[in-house]
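Each chain gets a letter, A, B and so on, in the order the sequences are listed, and its residues count up from 1.
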2 protein chains.
Amino acid sequence: MADRSAGDGTVGKALEVLDRVAAFGRPVRFTELLEDSPYPKATLYRFVQTLTNQGMLSYDSERQTYAMGIRLVRLAHVAWRQSSLAPMARPHLDALAEEVGETVHLAQLDHAQVLYVDKRNASRPVEMYSSAGKVGPAYCTGVGKVMLAYLDEAVLAPILEQQSFHRFTEHTLTDAEALKAELRAIRQIGYGFDREEHEPGIICVAVPILTAGGRALGALSVTSTTERNSLAGLEKRVSRIQQAARSIAQVSRDWGFPDQHSSNRQVETN
Amino acid sequence: MADRSAGDGTVGKALEVLDRVAAFGRPVRFTELLEDSPYPKATLYRFVQTLTNQGMLSYDSERQTYAMGIRLVRLAHVAWRQSSLAPMARPHLDALAEEVGETVHLAQLDHAQVLYVDKRNASRPVEMYSSAGKVGPAYCTGVGKVMLAYLDEAVLAPILEQQSFHRFTEHTLTDAEALKAELRAIRQIGYGFDREEHEPGIICVAVPILTAGGRALGALSVTSTTERNSLAGLEKRVSRIQQAARSIAQVSRDWGFPDQHSSNRQVETN
DNA sequence: AAACCGAGTTTCAAATAATGGAACTCAAAT
DNA sequence: ATTTGAGTTCCATTATTTGAAACTCGGTTT
């Protein structure tokens, strides 16, 4: 797992603990956290105490477990409104979903992961949060690959380094070379597929949402199953999806959406 | 504004900065933050740097503004799933919303504020996050008052202390005494109203979601307008809403939802 | 053109807080 | 009654944070 916290002192370390709790995805005991923690017991203990006091974690005293705190939901609400494409993209997502009648995803890149910021489910009304905030691997999803394809070489390289390339299905790309070739292909044609690389039977087309400068702000995808549809079938939708992507890019430009997110001015790692 | 960070060292201070950025609700310049900051320039600067490096804030280098970072969305997704009533309440919310045909809210208490964790909008499909993660004042909303009513005196007192009692409408309760009387009335009948106390023309009934021990886990409300409905009209729905609240309480018991959230073992403030 | 300004950034010694090994508590298991 | 182990506290050492002051660098005023 990435060391995002490197060089950010106490605050970075505490936030790393938050991530670890989140990674469990379920309430977790102190000892479980301690097991794969780089910190000694007393130190970890204090972090967890502090985070709990702060409402970033919540403590279930009966079961002696820690879970993610409710304060995060409040903070994320603001984050989602001001740092994601979702609010601006909403009408375009709605229209696209209605027309194509399939599941539509809007995603952005966070660190080296795909973060889904909005979703339309063909059938049922939106399931809140079940999608917004969800993360997935970048190298084996349509939206992920499409966003990676438009990253600067300098930014891409370290991301590829630290990828673990887990083989989810028999179609998963399992090494950096194969992925690089795929990214070149995506840049050629301007869109990409997920050929059952993440889940068997699940396919999708994805297009990037590009700034005037050619950087990918996010990506848009239409997902289907091999039963209902084919890659060729999805490909027919590409121009419609690209139209939506352009509209979203346009609104984001009008609203003056930042071209570069969380510019990491590197602090000496020492 | 409350000093949640009291006594939590560097991490607490940094998180307080996060809250301040969130409070602006829009991208904010460094100087704006500095204005009402208790920290000197260099110190605040380092906090903001660290938080940005950590993805908790994002920096727009063109406009030189900070916004809430996208990492929060990822973390909150987990928080919402594991520390909110929303996932368990979903089917009951759906059913209730369908039956009453009005806007339905599910809320919990965070610190001294109402935090909406889910919502059903009678007319249009759900607006994501526009509701989950939103906060409101506890003293002048139906859900807020109902939850306050079932709080222990010891917990309630300090919350009432630090309330500012802003007068939103001519019906807003504007002092602790009036509120206390209202809370007694709510405990008597087991539900409460919002009588246009927050927004003119907007009324609601709210019921608490109670644990076996009589503590309020959250609250459920049905909202309407004075044009479409009346308090008496809403009151007719109470038993149906209470039924939903009991169902949710039941599921939460079955799932072993913690009875006490983020138990604040007080650290000496010194 | 030179001086000024103010937002943003860096520096560094002093002040403060974090660290972690070890000791302690307490409930459950033997 | 004793052991075990999770959770918690202690405190001298160590490392980080702190913040006044100095610096940078566009842009503006004299």
Requested in this report: Check salt bridge (charged side-chain N to carboxylate O under 4.0 Å, His left out) between K180(A) and all other residues, then give those that pass, not counting sequence neighbours.
Outcome: E177(A)
Query raised in the report: salt bridge (charged side-chain N to carboxylate O under 4.0 Å, His left out) with E32(B): which residues, sequence neighbours excluded?
Result: R26(B)
Expressed in angstrom and rounded to an integer, what is the separation of [X] atom [atom1] from [N] atom [atom2]?
X      : N      : atom1 : atom2 : value
F30(B) : dG8(C) : CZ    : P     : 7 Å
L34(A) : dT8(D) : CG    : C1'   : 13 Å
E32(B) : dG8(C) : CD    : C1'   : 14 Å
R29(A) : dG5(D) : CZ    : P     : 14 Å
E35(B) : dG8(C) : CD    : C1'   : 14 Å
L33(A) : dT8(D) : CG    : C1'   : 16 Å

Query - R74(A)/D110(B) salt bridge by N-O under 4.0 Å criterion - result: yes
Query raised in the report: So, is Y45(A) near the phosphate of dT9(D), with a side-chain N or O under 4.0 Å from OP1 or OP2?
Result: yes
**Report entry** Partner residues of R253(B) under the side chain to side chain donor-acceptor pair (under 3.5 Å) criterion, sequence neighbours left out
**Finding:** Q250(B)
Requested in this report: Could you pull out all residues at least two apart from R20(A) that satisfy side chain to side chain donor-acceptor pair (under 3.5 Å)?
Outcome: E16(A)
Query raised in the report: Nucleotide by nucleotide, 5' to 3', does protein get under 4.0 Å of the base (B), only the sugar-phosphate (S), or neither (-) in nucleotides 18-28 of chain C, counting heavy atoms?
Result: SBBB-------
Report summary line: Among dT10(C), dA6(D), dT9(D), the one nearest any side-chain atom of Q49(A) is dT9(D)
Query raised in the report: Who are the ring-ring contact (aromatic ring centres under 6.0 Å, His included) partners of F30(A), not counting sequence neighbours?
Result: Y45(A)
